[in-house]
Structure formats: structure tokens, C-alpha cells
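Every chain is numbered from 1, with letters handed out A, B, ... down the list of sequences.
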There are 2 protein chains.
Amino acid sequence: MSSPQEDCARDLLEVVPLVTRSIRTELRQHRTQELSVPQFRTLLFLRHKPGTSLIDIANHLGLTPPSTSKMVDGLVSRDLLTRHICENDRRRIAIKLTEKGDKSLDFAIEATIQSLTKRISTFSPERIETLSCALQILREAFPETEISICNKPLQKSF
Amino acid sequence: MSSPQEDCARDLLEVVPLVTRSIRTELRQHRTQELSVPQFRTLLFLRHKPGTSLIDIANHLGLTPPSTSKMVDGLVSRDLLTRHICENDRRRIAIKLTEKGDKSLDFAIEATIQSLTKRISTFSPERIETLSCALQILREAFPETEISICNKPLQKSF
DNA sequence: TATTGTTATACTCTATAACTATA
DNA sequence: TATAGTTATAGAGTATAACAATA
């Protein structure tokens with residue numbers, strides 16, 4: 001026997017991977033600015049929490065510190081992030097977006113949003129409204145992060 | 001300036017990765033039966049198209065044939081799939097779920113659905129209804145595959 | 001000659017374990 | 001002794017290129 005909740009969960013399991021694939025493809029497509037999903041999420045997180053430590057990023061992404069360290073390495077060498085020792089606790093590093101990182105993030109966000117917008121552009125206002133409501137509901141059900149891509153930096157420096 | 005479509009796309013980009021993470025974690029959690037998302041999708045595809053060739057699976061997943069071959073290798077060695085040469089075209093292989101593969105797939109589907117159901121179990125019937133509608137809309141917008149996890153095999157053999 | 005699948009090789013992303021520096 | 005971060009190493013998952021078998 002299945003409940004409406006279960007039917008809905010089944011639909012989630014079917015539909016969500018399709019949307020994810022589309023997002024991943026779009027993010028990875030932009031040649032020099034190419035980002036993986038975790039790289040993208042890191043830049044986004046740093047826009048909202050500039051100066052964050054490695055551990056905080058690792059926790060946010062659900063990755064181990066070594067994996068996160070390596071990923072940050074790559075982003076630093078691409079000049080998208082900077083890493084500086086915190087003076088009040090010299091074990092920690094303060095990680096920030098560079099200007100280039102900030103631009104790459106904007107670029108990735110805009111390109112991906114345009115691509116997603118195209119997918120839903122033919123739908124009626126009512127259907128768009130239904131979608132929007134549903135996404136707010138899902139946001140409540142999966143509250144692991146509260147980061148928004150709408151708003152620019154909360155604080156520009158730490 | 002942003003349109004309702006664009007706002008909705010922005011929400012998609014924020015919310016969908018959260019749900020994906022939850023699905024991936026659940027699929028990967030079941031010790032001996034652990035599956036990656038592409039492995040899961042392969043088993044699901046084979047339930048609906050038993051006897052499918054390697055190329056067809058590769059196209060379905062959006063992977064290259066070598067990557068797909070290697071993944072199928074792994075699933076065969078775990079006794080979840082069988083591989084046989086097609087007699088009418090000896091270049092092709094017919095890939096099928098084993099009984100164990102079939103059970104693993106059921107197990108993965110059920111565990112994941114239960115986990116997702118739990119996430120949305122506290123919502124009102126109206127909100128569940130909104131979610132369900134939205135998922136049908138998304139299904140139209142991202143129609144890359146028509147595979148359903150609700151229905152058991154269309155044909156049990158090829 | 002074209003198609004199906006595999007092998008060889010390499011790169012990215014992830015992990016665990018062991019390490020350094022600092023608190 | 002505990003914490004933040006890195007290095008070393010290994011495994012999964014992906015790709016491209018080159019190959020074998022078949023059509």
C-alpha cells in the first residue's frame with residue numbers, strides 16, 4: 001500500500017536526478033570557468049561567509065578536511081580563492097573569494113539560471129507558481145543549508 | 001530584472017542539490033548493497049529494458065562506452081548483472097538483472113523512498129499535493145528519461 | 001568501412017591514516 | 001592533549017585513444 005507521501009517521495013526519486021544532471025552539465029560546460037558542483041557550492045558559501053575556515057567549508061559540503069583542503073588548493077591555484085593564516089588562531093586559515101572567484105561565481109550562477117529558465121519558459125504563470133511553492137516546501141524538508149544565491153555578500157570581509 | 005521563471009530557476013538551483021545529496025547518501029548507505037547513483041540508474045533501466053546493449057545503457061546514462069563497460073564489469077562481479085553475447089549480432093551484449101540485482105534494486109528503491117517519505121511526512125495533504133503537481137511539471141521540463149520506478153518489469157526477458 | 005565493446009592510461013574526486021603546527 | 005590543516009596514499013568514477021571482433 002502506498003500513501004500520497006510515498007508516491008510523492010517516489011516522484012522525487014525519479015525527477016530530482018534529471019534536474020541535477022542538467023545543472024551539473026551546465027556548470028561543467030563553461031570552458032575556463034568550469035566548476036564542479038562542490039566547487040560551485042564552496043564559492044557560494046564563501047560569498048556568504050567570507051573568511052571561513054577549512055573545517056567550516058568541509059562541514060558545509062559534507063566532505064572530509066583532506067578532500068576539502070585539496071579542492072581549496074585547486075581553487076587557489078586557479079586564482080578563485082585566497083588563503084591566509086588567522087592572526088588570533090594561527091592554526092586556522094581564512095578563505096576568501098578573489099575578484100576573479102566572485103566573477104566566476106556570478107558567471108556560473110547566471111549561465112545555469114538561464115539554462116534552467118529556458119527549460120521552464122513555456123509554462124503558464126500558474127504552473128510556475130506551483131513550482132515555486134513546491135520548492136519552498138522542499139527547502140523546508142531539506143534544510144541542510146540556508147545559503148541563498150539571490151543575495152550578494154552579507155559582509156565583504158571577515 | 002528578474003522574471004518569475006528566473007526566480008523559480010534560482011530556487012531550483014538552490015533546492016535541487018539538497019535533495020540530491022539526501023538521495024545519494026541514502027543509496028550509498030546500505031553496506032553490502034551500496035549503489036552509486038549511476039549504478040542505481042543502470043539497474044533501474046535494465047528492469048525496464050532487460051537485455052539492453054552496453055551502448056544503450058551508455059546513452060541513457062550520458063556516459064562513454066568505456067566508462068559504462070567498467071561500471072557493468074563491477075556490477076557483474078557483484079553478481080547484480082549478467083552479460084551474454086547476442087546471437088543475432090555477435091558484437092552486441094545483452095545485459096540483464098540477476099535475481100540478486102533485482103532484489104538489490106528493490107531494496108535501494110524502498111530504503112530511499114522511506115527516507116524521503118520521512119522528510120515530507122509532516123506536511124499537510126495540500127502541501128503534498130502541491131509537491132506532487134510540481135514534480136509532474138518538472139518531469140515535463142526535464143524529459144530525458146521516461147523510466148518509472150513504480151512499475152515492475154515490462155518484459156521479464158528479452 | 002562502420003559499429004560494438006574492451007583495454008590501456010590518465011585525471012578528478014573522494015576517503016583514511018599519519019603528520020605538523022598551534023592552542 | 002586537542003584542534004586545524006596538510007601530505008601521502010588508495011579507490012571509485014570518469015574521459016580519450018587505441019584495439020579486437022563482428023557486420
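Look at CG on A:L35: it is 10 Å from P on C:dC13, rounded to the nearest Å. Atom CG of B:L54 is separated from atom C1' of D:dA21 by 15 Å (rounded to the nearest Å). A:L61 places its CG atom 19 Å from the P atom of C:dT12, with the value rounded to the nearest Å. Distance, A:M71 CE to D:dG5 P: 13 Å, rounded to whole Å. In this entry the distance linking CD1 of A:I85 with C1' of D:dT6 reads 12 Å, nearest Å. Atom CZ of B:R41 and atom P of D:dG13 are 14 Å apart (whole Å). The CD1 atom of B:I93 sits 14 Å away from the C1' atom of D:dT22 (whole-angstrom rounding). One atom, CZ of A:R24, and another, P of C:dC13, lie 12 Å apart when rounded to the nearest Å.
Going from atom OG1 of A:T98 over to atom CG of A:D79 covers 5.0 Å, rounded to the nearest 0.5 Å. Distance check: B:K96 NZ to B:R83 CZ gives 14.5 Å after rounding to the nearest 0.5 Å. Rounding to the nearest 0.5 angstrom, the gap separating the CG atom in A:L43 from the OG atom in A:S104 is 7.0 Å.
Not one side-chain nitrogen or oxygen of A:R83 sits closer than 4.0 Å to the OP1 or OP2 atom of D:dG5. Residue B:R91 has no polar side-chain atom (N or O) positioned under 4.0 Å from OP1 or OP2 of D:dA21. A close approach under 4.0 Å does occur between a side-chain nitrogen or oxygen of B:R90 and OP1 or OP2 of D:dT22. Remark: A:S67 is in phosphate contact with C:dA15, judged by side-chain N or O atoms under 4.0 Å from OP1 or OP2. Within the structure, a side-chain polar atom (N or O) of B:S53 is placed less than 4.0 Å from OP1 or OP2 of C:dG5. Distances shorter than 4.0 Å separate none of the side-chain N or O atoms of B:Q39 from OP1 or OP2 on D:dA12. Using a 4.0 Å cut-off, some side-chain N or O of B:S69 falls inside it from OP1 or OP2 of C:dT6.
Nucleotides of DNA chain D nearest to A:D73 and A:D89 differ in position, and the one nearer the 5' end is that of A:D89. In this structure, A:E87 and A:L63 both approach DNA chain C, and ranking their closest nucleotides by distance from the 5' end singles out A:L63. Between A:N88 and A:P38, the one whose closest nucleotide on DNA chain C sits nearer the 5' end is A:P38.
A side-chain N or O of A:T64 and one of A:S67 form a donor-acceptor pair less than 3.5 Å apart. For the residue pair A:T20 and B:T20, a side-chain donor N or O sits within less than 3.5 Å of a side-chain acceptor on the partner.
Distance from the side chain of A:K70 is smallest to D:dA10 among D:dA4, C:dG5, D:dA10. Distance from the side chain of A:P66 is smallest to D:dT7 among D:dT7, D:dG5, C:dT4.
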